[in-house]
Amino acid sequence: MAERLTREFFARSVHDVAPELIGATLLVDGVGGVIVEVEAYDQDDPASHSFRGSTARTASMFGPPGHAYVYRSYGIHWCLNLVCAEAPRAEAALVRALEPTSGLEEMRERRGLEPARALCSGPGKLCQALGITRVLDGCPLDEPPFELRAREEEAPLAVGPRIGITQAVEQPWRYGLAGSPFLSRRF
DNA sequence: CAGTGGATGCTCT
DNA sequence: GAGCATCCACTGT
C-alpha cells in the first residue's frame, strides 16, 4: 500500500512538491483517482492568489502545509489547492485533473453521464465530481474525508506553461502525466 | 475541429 | 464595478 502523504511531504517548496504529486492518489470520501495534472503557485508569482498578501479568501493558503485551499472560480466552479511550504511562505499546488479510479458512479451522479475521461479533466470538473466545496477549505489532507497517497513509481512528466492566467504566463509550472488521456488539455 | 461568449458569485479596488 | 487559476453550448468552417 502506498505511503500516506503527510504534512512533512508538503512542508517544502511547491516547485519540489508539485511534480511529485503526479501519480499520487486523491480521494474524498472514497471518491477520486490518480492525480495527472497540477500547477504550482508561489508567493513571488503575480498569478498567485498569495501574491498580494493574505485576505479572507486566501487565508488557508497562508496556513500550515498539508491542508486544502478551496476557492470559487468564475462564480461557478470550485478549485482545490494543496498547500505547500511552511508559513509565512504561501505556496500551493492547484489540482487540475485526475484519472478517475474510485467512485465512478457517484461522480456520474454529480456530473451527469459522461465518459470517464471527461469526469475530472479540469479543476472545476474534478471538484464537482468529488463533491469539493468551501466546506473543505482549510481541512487537513491527512484526515477524512481526504485520503492522499504517494505515487508507487516515478511518473513520466510533461511540463508546460500554466492555463487560464494572464500574469507570468511564460513560467513552465504546469506538470502532467505524459500522454495521459485524462488531462484538461494536451501539453 | 476552432473560436466565441454567456453564466455566475465573490473578492478586492 | 471590474475581473477572475472555468466550463459548456453554440457558431462557423
Side-chain angles (χ1 to χ4, degrees), chain A residues 10 13-19 21-22 24 26 28 31-33 35-63 65 67-85 89-100 107-139 141 157-177 180-187:
Chain A
F10 290 101
S13 163
V14 68
H15 301 294
D16 294 329
V17 173
L21 286 170
I22 301 301
L26 168 68
V28 177
V31 177
I35 297 174
V36 297
E37 183 179 341
V38 300
E39 286 177 357
Y41 289 86
D42 74 33
Q43 203 167 6
D44 303 318
D45 173 4
S48 172
H49 289 174
S50 60
F51 182 65
R52 291 167 208 285
S54 181
T55 67
R57 175 180 64 147
T58 62
S60 51
M61 197 168 165
F62 288 79
H67 289 236
Y69 164 47
V70 180
Y71 69 94
R72 193 182 274 283
S73 174
Y74 290 89
I76 303 174
H77 310 286
W78 297 103
C79 292
L80 171 68
N81 291 257
L82 311 182
V83 177
C84 299
R89 299 294 304 165
E91 308 181 349
L94 169 68
V95 183
R96 289 192 51 90
L98 302 180
E99 174 180 345
M107 292 188 199
R108 289 200 174 92
E109 283 175 20
R110 288 167 174 155
R111 283 194 45 78
L113 294 175
E114 290 198 83
R117 60 186 303 159
L119 285 173
C120 297
S121 56
K125 291 172 160 188
L126 77 87
C127 282
Q128 186 183 7
L130 272 59
I132 294 170
T133 68
R134 191 174 188 93
V135 170
L136 296 178
D137 184 41
C139 289
L141 299 170
L157 277 189
V159 179
R162 296 173 292 179
I163 292 178
I165 56 174
T166 54
Q167 304 279 327
V169 174
E170 71 288 351
Q171 298 289 358
W173 289 342
R174 174 179 179 231
Y175 301 95
L177 180 62
S180 170
F182 299 95
L183 300 171
S184 66
R185 281 176 46 182
R186 293 199 67 79
F187 278 76

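A note on names: the letters A, B, ... follow the listed sequences, proteins ahead of strands, and every chain is numbered from 1.
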- Per the side-chain contact (heavy atoms from CB on, under 4.5 Å) rule, which among A:Leu21, A:Ile163, A:Leu177 passes with A:Glu37? A:Ile163
Mind calculating the distance between [atom1] ([X]) and [atom2] ([N]) to the nearest angstrom?
X	N	atom1	atom2	answer
A:Trp78	B:dC10	CH2	P	7 Å
A:His49	B:dC10	NE2	C1'	11 Å
A:Tyr175	C:dA5	OH	C1'	16 Å
A:Arg111	C:dT6	CZ	P	15 Å
A:Ile132	C:dA5	CD1	C1'	15 Å
A:Gln43	C:dA5	CD	P	17 Å
A:Arg162	C:dC4	CZ	C1'	15 Å

- Message: Can you see if the side chain of A:Arg52 gets near the phosphate of C:dG3 - specifically, an N or O under 4.0 Å from OP1 or OP2?
- Response: no
- Residue-phosphate contact under 4.0 Å: A:Arg96 side-chain N/O, C:dT6 OP1/OP2: yes
- Would you kindly compare A:Ala93 and A:Ala118 by the position of their nearest DNA chain C nucleotide and give the one closer to the 5′ end? A:Ala93
- If we call it a pair only when both distances are under 3.5 Å in a Watson-Crick or G-U wobble match, what pairs with C:dA5? none
- Measure from the side chain of A:Lys125, starting at C-beta and using heavy atoms only, and say which of B:dG9, C:dT6, C:dC8 lies closest. C:dC8
- Residue closer to the 5' end of DNA chain B, A:Arg134 versus A:Ile76 (nearest nucleotide): A:Ile76
- Taking the nucleotide of DNA chain B with the closest heavy atom to each, which residue, A:Thr58 or A:His77, is nearer the 5' end? A:His77
- Message: Does A:Tyr74 contact B:dA7 through a side-chain donor or acceptor facing the base, at a distance under 3.5 Å?
- Response: no
Do [X] and [Y] come close enough that some side-chain heavy atom pair is under 4.5 Å?
X	Y	value
A:Leu80	A:Cys127	yes
A:His67	A:Ser60	no
A:Gln43	A:Ser48	no

